[in-house]
Structures are given as structure tokens and as C-alpha cells.
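So that the names make sense, note that chain A is the first sequence line, chain B the second, and so on, each numbered from 1. All heavy atoms count here, side chains included; hydrogens, waters and symmetry mates do not.
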Amino acid sequence: MLLSLTFPPKYRHRTTTALPPLLLKLCFSPSTAHQCHSLSAEELTFPTDPDATARLLSNCLSSDRHSDVLSILRRTPPCRAAVFYWNNLIKRSVSLQDQRNALHLFDEMRSLKWIPDEYTYPYVLKACGDLSVLVTGASVHGLALISGFTNSNVFVDNATIAMYGRCGANDKARQLFDEMLKRGVFDTISWNSIISIYVQSGDFRRALRMFEEMVSRGDIMLRADAVSLVNVLPACASAKSWRSGMEMHGYAIRRGLLEDVFVGNAIVDMYAKCGLMDGAKNVFDRMEMKDVVSWNALVTGYSQFGKFDDALGLFERMREKGIELNVVTWSAVIAGYAQRGLGYEALDVFREMIVSRSQPNAVTLVSVLSACAAVGALVQGKETHCYVIKEFLNLKGNDPGDEMMVINGLIDMYAKCKIFGIARAMFNSIEWKDRSVVTWTVMIGGYAQHGEASDALELFCEMVSNKCRIMPNGFTISCALVACARLGALRLGKEIHTYALRNRYEEAMLFISNCLIDMYAKSGDVDAARAVFNNMYHRNAVSWTSIMTGYGLHGRGEEALQIFEGMRKAGLAVDGVTFVVVLYACSHSGMVGKGLDYFNNMRNDFGIVPEVEHYACMVDLLGRAGRLNEAMKLIKDMPMQPNPIIWVALLSGCRLHGNVEIGEHAVNKLLELNFENDGLYTLLSNIYASARRWKDAAKIRLLMKNSGIRKRPGCSWVQGKKGTATFFVGDKSHPMTKEIYNLLDDLIYRIKIMGYVPETSFALHDVDDEEKGDLLLEHSEKLALAYGILTTAPGLPIRITKNLRVCGDCHTAFTYISRIVEHEIILRDSSRFHHFKNGSCSCKGYW
DNA sequence: GTAGGGTTAG
């Protein structure tokens, strides 16, 4: 129909039955001729005059009627002169990012017996490269080879190299490049292509070497141009080789290439990524032509090297100057806030972005979600989820990888807001094949960090099982180790340690090792933690503080302080966190004098102002040592408002030393702060019970009952040969219950002879002492110990973990029992580790 | 041919 409108009327009644001689000559096969004969009546209006066809094609092309061009080509017998029009259609398709269509056009033209020329191949090869279809690309390469274009036309060869590069066949690309070098037929583009391949595949060193070789050849015909620099500068940036970058900067000045805004931008970016912000700023200031990319490069440089204020200043200047902000600018600022944990500020910027009608993309949304995750802003996170559904997901032209990233961001956000139900449902709804390592990792990490450590490990095991066979990355390993640390899952932690060593996680080894230190220390084996620490190539402040915390946890304060001195000698910056750890180690080791010294001198000697956490450590330290009045005085003299942690620390001290008066004070303060939990009431009730104030203890229990607060049940677990056995108070569900209780009876009988007297105040119940002794017998840690003794080979340590603080009576009983069993008993409670051996405990009373 | 993003440790 269209055709009939565009044809000049004089051709209307001509038919194609009799082809003019020229066209006949150019017909390649009878089949095409046959097609010409089988046109419908309407289509018979097609011009038979080749000149008229050429004019018509030219007209259609110049008036952008591309579908008409195609229709005409389909009806025109193949001819060399008109291949140009096919090329044009293919080129257009490629530039419109419709690579599939480009390949279809190529197929169609060949099936119609047209012969592609030296201009066709580069476009088609580019389409193959963009689609990363190696097999198709190689067959196109083969066609070009038979047709005689390969090895004779530098454009086709360059395009072939680029195609192989995009398909990941770097060796093949290099082979072709080397052949071109041998023949002496190459140009700057050939070099740029091969260098670009190395940059894309992350082989920055080789890319830089190739660039140097290119420049040092001194070939007048082969000059590195703006494209070469723009190609290779990101390699300097990624490899952090600012020396090469500076040489390129010099080269750009010598060759007058700095005027190219792309080159200028690439140099600014190179300096910024190498952390040389002054260099970046200098180049930026001297650039005559700047665009939004120049600004963005500088803004992100400042943001990523901790100079976020400078980044924000630039952002403001951009706005003052009326520079049109693009999605990258907005995203960079949002991400900057999010990374610093300033989630609400990030959300404000996002709101502004929407108001200014900038269209957020995947990167923006991911940053916004990470902002929500950082501050646990569930409502805003859900709003963002709605936005994602309405404005982003299933949008035409979305990159599936981008969609996946946003979904990962959503899962992470829900998990960090502790909405595991939604997070897990989203995770489950993703098809197996679509789940990436990151998808698994955000889910595992979410569980691990927010108290669902066993779910984390279950998922981790599923991920690496034969069913899934997903290779965890460094992040995954770290998350799994965090979960092990939480559970004290030494056995699995060790397995993961071996796995990490076997599978070479070099680039993540700092993180993994730091997690390993923490895992070993929190699983009771601080010496293994120390071994990991000693074997590290690189250590950072976290490594030092982790091993210090480990020693602190185990009451090995002297060693912790030695580590602290080592850290200072190694020239590492000491910060507030370091001092929290130092004071913590002192308090768990009863080193009151040392702790006071450090606390009193930290401001003068290290310039660190004590914050509320440091005061909490001091209250804990004095409280554990029974110096409760001093602790009270410290709280009174604090320059800031005491927070619940301070009062809980004081209350624990009161429990340990039976101080009713100060304990009541602490509880009142906690209630004023609306801090209520089961632990608080249990502590107070314990304090009353130990002072034999049964009525008050009963009152508290009644209060708990009436206000619906239930004491979290004590729960202990022990790692046996056949996995982990868990015990609650009075638990009789274990298959070995009979043996366990028999052994306990026997042990208690024997330690009573040695002088053990049940400390009945720890049984909350208001019953006579004989019966209380029985209730004490049923404490979960005692059950776990008996099970441990029954299932552990003599000489090996028994590792028990308790969810709450260990009970005082159990502590005494364990001390006695450690004299008669051939095991070291390592008990981890919610506060610290106790190593019972030969009738003494490592905590030396400071528990 | 340049700029931005998700998951890890004290």
C-alpha cells in the first residue's frame, strides 16, 4: 500500500514480468527472479527500471522511510550498487541498539542472495560483539574470510578483533591483532581495540604495557589519539597506577589532547580514583570545556575518599551554576550519604531528585535502598519498593542485571530492617538460575547480622551443597563466619576456614581473616584466633582490635594489652573503638587499676574524648570488681546523659555483689528510660533472692506475670560429634536424658563431698533449700555439661554456649567438676568465656 | 571513547 502511494503514477501499469536487461544481469539466481514473478497484483506496481529503483531508495532514505527501504530491497534483485542500502539499514539498527534486528537483516539479505561488502561486515561484527554471541560472530568472521575481506581490509579486521573481545575470546582477538602486526597493516584503531579488550577484561597491566609499546614505536602513522587515552586512563585508575596516569597526562598536554573534554574527564577521573584529589581538582580547574561528567568525576572522587563535605560543596556549586544535574550526579550524592550511614539525608536528596523530575535509574534505586537499610527506615524502604514496582521493574529496555541488582537491594533492605518474612519470600520467588552470589549473600548476611544465625548457616550450606553448587565470594564467606561466631559454631567455622584457604580468596583475605579471628575467639579458641592473626600478610585496625576483643572475652587481659602496645608500635591509628576494647579487656580480667589509668589518660595521651560507651565499660569494670559506689559516682559525674547500657552494667554488678540498694536505683532509672525487658526483671529478682528478700522477689515475679513479661528460658548448647545438642531448663526431651541425669546426680554427689554447697539463691523459686538444690540441677548449662562429658573423648575440651549469663551456682559447680573430669570446660555465656580447668576458672571471680 | 550502584570485619 505504502509503495503505491510513493510511486510516480507513470509506473503504475508496468509489470515486472519483463525485467530490463541491467537488472536481469544483476539477478543472481532464478529463485529471486521467481520471487519477482510472484508478486501480488497490488505489488506489481513496483518499478522495473533500475534507475527508478535507485532514485526511489534514495528518496526513502533521505526522508527516513526505512521500512520502505526494506520493502523495496526485498523486491529488488540483488545488485552491488544497492548493497549500500542494506548496510544503511543494518548500521541504523546497530546504532538503535537493536542488534538482533541487525543480524536478522544480515541473514535476510544473504538469503535473498545479496552479497555483503566490506562495509556490511564491520556493522554485523559489531552487532555480534554487542550481543556477545561468539558462535555467530565466528561464522560472520568466516564469511568475511571466504569473501576475501578479512586480512585485506583493516576496517573488517579491526571490527573482528573488537567482536572477539566483546565475546570474551581475547586470545582469538590477540591472534588476529598479531597477524595484522606481522603483515604491517594496522592503524590506531587496531591498537585501541586490543588495548580496550585488555581494559575491559581487567588486565590493566597488559593494557598499560600495550599503550607504552604503541607510543614508544615512534611510528608516525601510529599515533595514540584521544580515544587511546580515554581507553587506557581508566586502566590507570583501576590499577591505581598514578605514575602511568601522570605520564599520560603529560602525553595529552604534549599532543594538545587536553582540549578534548573526554580526555580531560578521563584524567580527572584517573586522579580522583587514585585518591590524588589535588591533581584531579587542578586538571578540573584548568579545563576550558567542562561538562556534567567532569563535575561528577570530581564529586564522586571526593565522596569516595572520605571528603564528603567537599563533594557536597561541589554539588551545591553545580546547582548554583545551573549545571544540569543528571542521574549520575544525584546517585553519587545519595550513595555518598548512604555509605556514611546518613540514610535520612540520602532520602531527602532522593525526594529532591524526584521533584526536579530527574528519572532515577537502577543505580539510584539501589543507593536509596541501601540508605533505607543503613538506618532501618522500613517505611521509606517500602515506599521505594512501591516506586520500584510502579516505575522500574519490567520496564521495556531494562537490563535484567540492573533489575536483579535492585531486587538484591530490596532483599537487603528488608533483611536489615529485620523483616525476614518479606526478604525470604522475595528470595524464594527468584528462580534458581537467576539467583546470583549477591542474592544469596544479602540473604545470608541479613540473617547473620540480625540474630538469625542458624538460618544464615542453613542457607549457606544449601548454597554450597551439591544441589546448588554456587561458589561463595569473599562477602559470603565473611557473612557465614559472622554467623558461626554468633553461634560459637567452631566446627563449621573451621570447615569454612579450610574452604577459604583451598579456594584462594586472596583479594578478600583481610576481611575473611578478621572474621576468622572473631569466629575463633567467640567459639572459644582464642589461640587459633591468634594464629590467624599472626599469619596475616596485611592487618588493619580491625584485625588488631578483633584479637584484642578475643583476649578480653577470655579474661586474658595482659595479652590484650600487649596487643594494644603492638598496635601502637605498628603505627596504627588508635580511635574510640580501640579504647572500648581496651577497657572491655581490663574489665573482663579484673584489671581495675590499669583500666582506670587508660580511661583517665585517653584524652591527654591519645586525644580521644571518652564517650558514653567508654563510661559503660568503666561502670562494668568497677561493678564487676564490686566497687559499686565508685561506679555510681562515675555515673553522676558523666558529662552526658547515662543511657540504658550504663544502668544495665551497674545492675549486673549489683547482681554479682548482692547490692539491693544500688540495684533498685538502677532499675528505677531504666524504667524512667522506658527500658523494659525480661533480663532486667530477672536480674532484680535475683538480687532480692540472694538477699533472701523472698517477698520482694515474689513481687517482681508477679509484676512480670501481670505485665506479660516472660523470662527468656535459659538455653545451652554443646557441640558434639553428631552435631549440636540443645538443652533448656529441666529439659527431658533428649534421648540420653536418663544417662545425663544419672551422671549429674553422681557428679553432684561427688563434688558435695569436695565441699560444694548449692547456692540456692540462684533458684528463683520460693521453696525449701533441699528442693532448690534439685531445681539447680536442672539448669541448662549443667545438662549440657553432662551430655558433653558423656559424648566427648577424654582429654578433649567441652565447649558449651549459653544464651544468658551463666548462673552462679553452675559456675561453682563447674569449677568443682573440672577437678574430677579429664576435660577443659569452655563455657561461653552472653558476657564472656569461662575456661574451667583443674578446679579453677579463668574469670577469677570477675564474671 | 569519559562519570554513578548492591553483599563483609573491631
Side-chain angles (χ1 to χ4, degrees), chain A residues 189 192 195-196 199 225-234 237 260-270 272-273 291-301 303-304 326-336 338-339 360-370 373 401-402 404-413 415-416 436-446 448-449 472-482 485 505 508 510-519 521 539-550 552 567 575-578 580-581 584:
Chain A
I189 297 176
N192 288 348
I195 291 174
S196 152
V199 178
D225 60 4
V227 176
S228 321
L229 283 175
V230 171
N231 253 332
V232 81
L233 277 162
D260 186 324
V261 68
F262 276 71
V263 174
N265 290 345
I267 293 176
V268 172
D269 184 52
M270 180 275 297
K273 285 221 174 78
D291 61 10
V292 64
V293 176
S294 334
W295 289 86
N296 287 346
L298 206 57
V299 168
T300 45
S303 169
Q304 289 178 344
N326 66 10
V327 61
V328 177
T329 330
W330 289 107
S331 307
V333 175
I334 294 171
Q339 278 158 21
N361 63 11
V363 179
T364 328
L365 294 169
V366 161
S367 305
V368 171
L369 288 168
S370 97
D402 277 359
M404 210 50 235
M405 260 182 201
V406 173
I407 291 171
N408 288 343
L410 281 166
I411 295 176
D412 183 51
M413 181 275 293
K416 290 226 169 90
S436 72
V437 196
V438 181
T439 317
W440 286 90
T441 306
V442 291
M443 199 63 232
I444 292 170
Q449 288 172 318
N473 64 16
F475 289 86
T476 329
I477 300 283
S478 301
C479 292
L481 287 171
V482 169
Y505 284 92
L510 176 64
F511 259 92
I512 293 179
S513 301
N514 288 346
C515 292
L516 281 168
I517 294 174
D518 196 48
M519 182 279 292
R539 305 183 185 101
N540 63 5
V542 179
S543 327
W544 292 87
T545 43
S546 299
I547 186 67
M548 231 171 8
T549 311
M567 182 177 179
D575 63 6
V577 179
T578 323
V580 170
V581 174
Y584 172 91

Who passes side-chain contact (heavy atoms from CB on, under 4.5 Å) against A/Met404, sequence neighbours left out?
->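 For A/Met404, the residues satisfying side-chain contact (heavy atoms from CB on, under 4.5 Å) (neighbours in sequence not counted) are A/Ile407, A/Asn408, A/Ile430, A/Thr439.
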Got a sec, which residues hit side-chain contact (heavy atoms from CB on, under 4.5 Å) with A/Asp225, two or more places apart in sequence or on another chain?
->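 For A/Asp225, the residues satisfying side-chain contact (heavy atoms from CB on, under 4.5 Å) (neighbours in sequence not counted) are A/Thr188, A/Asn192, A/Val227, A/Ser228.
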Side chain of [X] - closest among [options]:
X: A/Asn514; options: B/dA9, B/dA3, B/dT2; value: B/dA9
X: A/Cys515; options: B/dG1, B/dG5, B/dA9; value: B/dA9
X: A/Thr441; options: B/dG1, B/dT7, B/dG5; value: B/dT7
X: A/Ser478; options: B/dT8, B/dG10, B/dG5; value: B/dT8
X: A/Phe262; options: B/dG1, B/dA3, B/dT7; value: B/dG1
X: A/Lys416; options: B/dT7, B/dG5, B/dA3; value: B/dT7
X: A/Gln339; options: B/dG5, B/dT7, B/dA9; value: B/dG5
X: A/Asp518; options: B/dT2, B/dG10, B/dG5; value: B/dG10
X: A/Ser546; options: B/dG5, B/dT2, B/dG10; value: B/dG10
X: A/Gln304; options: B/dG5, B/dA3, B/dT2; value: B/dG5

Contact class for [X] vs. all strands (heavy atom < 4.0 Å): base, sugar-phosphate, or nothing?
X: A/Asp269; result: sugar-phosphate
X: A/Val442; result: sugar-phosphate
X: A/Val366; result: sugar-phosphate
X: A/Asn361; result: base
X: A/Val580; result: nothing
X: A/Ala541; result: base
X: A/Ala448; result: nothing
X: A/Gly474; result: base
X: A/Asp575; result: base

With no hydrogens and no angle check, do the side chains of A/Asn265 and A/Asp291 hold a donor and an acceptor under 3.5 Å apart?
-> yes
Separation of [X] atom [atom1] from [N] atom [atom2], in whole Å?
X: A/Ile477; N: B/dA9; atom1: CD1; atom2: C1'; value: 14 Å
X: A/Phe511; N: B/dG10; atom1: CZ; atom2: P; value: 10 Å
X: A/Asn296; N: B/dG4; atom1: CG; atom2: C1'; value: 7 Å
X: A/Asn326; N: B/dT2; atom1: CG; atom2: P; value: 14 Å
X: A/Leu365; N: B/dG5; atom1: CG; atom2: C1'; value: 10 Å
X: A/Asn265; N: B/dG4; atom1: CG; atom2: C1'; value: 14 Å
X: A/Leu369; N: B/dG4; atom1: CG; atom2: C1'; value: 16 Å
X: A/Asn231; N: B/dA3; atom1: CG; atom2: P; value: 11 Å

Would you say a side-chain N or O of A/Gln449 is under 4.0 Å from OP1 or OP2 of B/dT7?
-> no
How about A/Val268 and A/Ser294: do any of their side-chain heavy atoms sit closer than 4.5 Å?
-> no
Flag side-chain contact, heavy atom, 4.5 Å: A/Asn361 against A/Ser331 |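 Yes, close enough: below the 4.5 Å cut-off.
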So, does A/Ser303 use its side chain to make a donor-acceptor pair with the main chain of A/Val299 at under 3.5 Å?
-> no
Side-chain donor/acceptor of A/Ser513 to backbone N/O of A/Leu510, under 3.5 Å | no
Kindly say whether, by distance alone, the side chain of A/Asp291 makes a donor-acceptor pair under 3.5 Å with the base of B/dA3?
-> no
For the base of B/dG1, is there a side-chain donor-acceptor partner from A/Asn192 under 3.5 Å away?
-> no
